[in-house]
Amino acid sequence: MRTQVAIIGGGPAGLLLQQLLHLAGIESVVLEQRSRDYVEARIRAGVLETSAVRLLEQVGVDARMKREGLIHDGFALAVDGQVHRIDLKGLTGGSTVMVYGQTEVTKDLNDAAAARGTPVIFEAQDVALHDLKTDTPFVTYAKDGVAQRLDCDFVAGCDGYHGVSRPSIPAEVLRSFERVYPFGWLGILADVPPCDHELIYSNHERGFALASMRSNVRSRYYIQTPVDADLADWPDDKIWDELALRLGPKAAASMTRGESIEKSIAPLRSFVAEPMRWGRLFLAGDAAHIVPPTGAKGLNLAASDVHYLSEALIAFYAKGSSDGIEAYSAKALARVWKAERFSWWFTGLTHRFPDTDTDAFGRRMQRAEIDYIVSSRAAQMTVAENYVGLPY
Ligand code: RFL
Ligand code: PHB
């Protein structure tokens, strides 16, 4: 089989890239190692930046998001029970975010691929990348036990943190930057109305908590836990009790408890691999970088990467220009590092670190910074500008 762009990974990065290329008349094949059901059931991100919403509009995969997504004009920052609103819309001159689950984005993109006949091959096993430094790279994989070969002009590595694309770049070329946090997030999904119409990020002396949602009848909550926490030690009631304490009395009073339909613990890390291109291989999304979820940037960075990448590939096919391809890594990384900074900073502002428990200075600094944000419009503007997403 032959295509122009072989896309490894059918998560949001790979599927969105495929639709952006399709609109420009560029052929691609997505190779995804899991089944469609598996990919669509993974509960992950929930907040889309203004620009990610615009990209979904651009590819015409926005109808259900427009119907079912919730536009949020602001969010709350709670500190030991006191709540301060960040007015995203007012502070940014009109920008908002869209609360619409990654599961739904993925379903919509898969539906579009099926309707438009852009190929997505699920359960592609043993994917391996070859001849990436030549003009004739190719990908091998197995489907239903039969070996296959996909010839292409370019390979887009959109296969997440654990994929094969990043390890295909020689170790002496790739430089990694990493920070692992000494805690994780325990997430719970329940079919109950949210406790507030906006998200609440809470810094509490017992640890961070977040009240989020997927719809007006489905809530998503998180609490900070030790990195080695065991789900078995967290029955639903204990999680609801902890949320009520950490989110403060007002949220607790309007919180509806219910049985969890999903519960998981995720570690928090910041990670960037440089460069994001090696020969004819491009990395995009989690394959190249990970952010702690505090800033809600993971999915949004996947979107900005594939925007830059699609522009580079479109210029190559339309004008024969390699300039965009040459510039891709530096352009994507410039935005990635700013989102890394914001996610790292927001995590530091809102979480309890083992050393701030003993280090009274660290805790005072955190309080001073929150006080500053609460009292300064300039500081709030910085938070809002980053939260709705830097332009691209
Ligand atoms: P994805 O979504 O991981 O998709 C990669 C796809 O590649 C497939 N794959 C392979 N396919 C073929 N061959 C191989 N060898 C392959 N190896 C992997 C995988 O099956 C998968 O379908 O990456 P993408 O597209 O870059 O999208 C990025 C986002 O998914 C990610 O940034 C966010 O979901 C991060 N994230 C969260 N972000 C938030 O903003 N808020 C959250 O609450 C949030 N929760 C999460 C998350 C990421 C998680 N991961 C990756 C462990 C919770 C979790 C558990
Ligand atoms: C979510 O709803 O899953 C969510 C929302 C905001 C975040 C992280 C996760 O910062």
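The analysis underlying the following values was restricted to heavy atoms, covering all of them including side chains, and did not include hydrogens, waters or symmetry mates. Atoms within a ligand are numbered from 1 in the order they appear, just like the ligands themselves. Just so it is clear, the model here is predicted, and its values are computed rather than measured.
- For ligand 1 and Tyr222, the ligand atoms under 4.0 Å from any heavy atom of the residue are 43 (O).
- For the pair Tyr141 and Ile8, the minimum side-chain heavy-atom distance is 4.5 Å or more.
- Side-chain atoms of Tyr308 and Arg335 form no donor-acceptor pair, as typed in the model, at a separation below 3.5 Å.
- Note on Lys263 versus Asp236: salt bridge recorded, some NZ/NE/NH1/NH2 to OD/OE distance being below 4.0 Å.
- The Val47 neighbourhood of ligand 2 comprises atoms 5 (C), 6 (C), with distances under 4.0 Å to a heavy atom of that residue.
- Taking every heavy atom of Gly298 and a limit of under 4.0 angstrom, the matching atoms of ligand 1 come to 32 (O), 40 (O).
- By the 4.0 Å N-to-carboxylate-O rule, Arg2 lies too far from Glu27 to be salt-bridged with it.
- Atoms of ligand 1 lying under 4.0 Å from any heavy atom of Gln102, numbered from 1 in the order shown and given with element: 2 (O), 29 (C), 30 (O), 33 (C), 34 (O).
- In summary, Lys66 and Glu57 engage in a salt bridge, as defined by a charged side-chain N under 4.0 Å from a carboxylate O.
- Distances from atom 17 (N) of ligand 1 to the heavy atoms of Ala45, Pro293, Gly163 put Gly163 nearest.
- For Tyr181 and His351, the ring centers are positioned 6.0 Å apart or more.
- With ligand atoms numbered from 1 in the order given, ligand 1 contributes 13 (N) to contacts under 4.0 Å with heavy atoms of Val127.
- The protein heavy-atom contact nearest to atom 3 (O) of ligand 2 is Tyr222 OH, 2.6 Å.
- Between the choices Val30, Leu283, Asp286, Asp126, the shortest heavy-atom distance to atom 31 (C) of ligand 1 belongs to Asp286.
- Using 4.0 Å as the threshold, Cys158 has a heavy atom nearer than that to some atom of ligand 1.
- Ser202 contributes a side-chain N or O that, together with a main-chain N or O of Arg246, makes up a donor-acceptor pair within less than 3.5 Å.
- Heavy-atom separations between Leu210 and ligand 2 include at least one value shorter than 4.0 Å.
- Applying the 4.0 Å criterion to heavy atoms of Thr294 picks out, from ligand 2, the atoms 10 (O).
- Put simply, the side chain of Glu178 never gets that close to the backbone of Val272: no donor and acceptor are under 3.5 Å apart.
- Within the 4.0 Å heavy-atom criterion, neither part of Val47 lies near ligand 1.
- Of all atoms in ligand 1, listed by their number and element, those nearer than 4.0 Å to a heavy atom of Gly11 are 4 (O), 6 (C), 22 (O), 25 (O).
- Ligand 1 does not have Tyr141 within reach: every non-hydrogen atom of the residue lies 4.0 Å or more from it.
- Note: Phe208 and Phe183 fail the aromatic proximity criterion, with ring centroids not under 6.0 Å apart.
- The distance from ligand 2 to the heavy atoms of Ala296 drops below 4.0 Å at these ligand atoms: 6 (C), 7 (C), 10 (O).
- Between the side chain of Thr3 and the backbone N or O of Ala6, no donor-acceptor pair lies under 3.5 Å.
- No more than 12 heavy atoms of other residues, nucleotides or ligands sit less than 6.0 Å from atom CD1 of Ile71.
- Residues Tyr222 and Arg220 bring a donor and an acceptor atom of their side chains to less than 3.5 Å of each other.
- Looking from atom 18 (C) of ligand 1 to the surrounding protein, the closest heavy atom is Asp159 O, 3.1 Å.
- Listed by number with element, the atoms of ligand 1 under 4.0 angstrom from any heavy atom of Ala296 are 40 (O).
- The atoms of ligand 1 that sit less than 4.0 Å from any heavy atom of Gly285 are 26 (O).
- For ligand 2 and Arg44, the ligand atoms under 4.0 Å from any heavy atom of the residue are 3 (O).
- Looking at Trp185 next to ligand 2, no N or O pair under 3.5 Å apart turns up.
- In terms of polar-atom proximity, Pro293 is counted as a contact of ligand 2, with an N or O under 3.5 Å from an N or O of the ligand.
- Considering only non-hydrogen protein atoms, atom 25 (O) of ligand 1 sits nearest to Ala13 N, 2.9 Å.
- Here Arg364 does not pair with Asp371 in a salt bridge; the nearest charged N to carboxylate O distance is not below 4.0 Å.
- Using modelled atom types and a 3.5 Å distance limit, the side chains of Arg377 and Gln380 yield no donor-acceptor pair.
- Relative to atom 36 (N) of ligand 1, the option among Arg220, His162, Arg44 with the closest non-hydrogen atom is Arg44.
- At a cut-off of 3.5 Å, with distance as the only test, no side-chain donor of Glu68 or Ser215 sits close to an acceptor on the other residue.
- In terms of polar-atom proximity, Ile8 is not counted as a contact of ligand 1, lacking any N or O under 3.5 Å from an N or O of the ligand.
- Around atom CZ of Arg42, more than 12 heavy atoms belonging to other residues, nucleotides or ligands sit under 6.0 Å away.
- The nearest protein atom to atom 6 (C) of ligand 2, hydrogens excluded, is given as Tyr201 OH, 3.3 Å; this is a heavy-atom distance.
- Proximity of Ser212 to ligand 2, defined as any heavy-atom pair under 4.0 Å, is confined to the side chain (atoms from C-beta onward).
- Close approach of ligand 2 to Leu199 is summarised as follows: ligand atoms under 4.0 Å from at least one heavy atom of the residue are 5 (C), 6 (C).
- With ligand atoms numbered from 1 in the order given, ligand 1 contributes 40 (O) to contacts under 4.0 Å with heavy atoms of Lys297.
- In this structure a side-chain-to-backbone donor-acceptor pair under 3.5 Å is present from Asn300 to Glu49.
- Using a 4.0 Å heavy-atom cutoff, Arg42 is listed among the residues neighbouring ligand 1.
- If you check each of Glu32, Gln33, Arg36 against atom 20 (O) of ligand 1, the one with the closest non-hydrogen atom is Glu32.
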Exercise. Would you check, one step at a time, whether the test side-chain contact (heavy atoms from CB on, under 4.5 Å) holds for Glu40 with Thr103?
Key: CA-CA 5 Å; Glu40 291 182 357; Thr103 43; 5.9 Å; no

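- The residue from Met213, Gln102, Arg214 that puts a heavy atom closest to atom 1 (C) of ligand 2 is Arg214.
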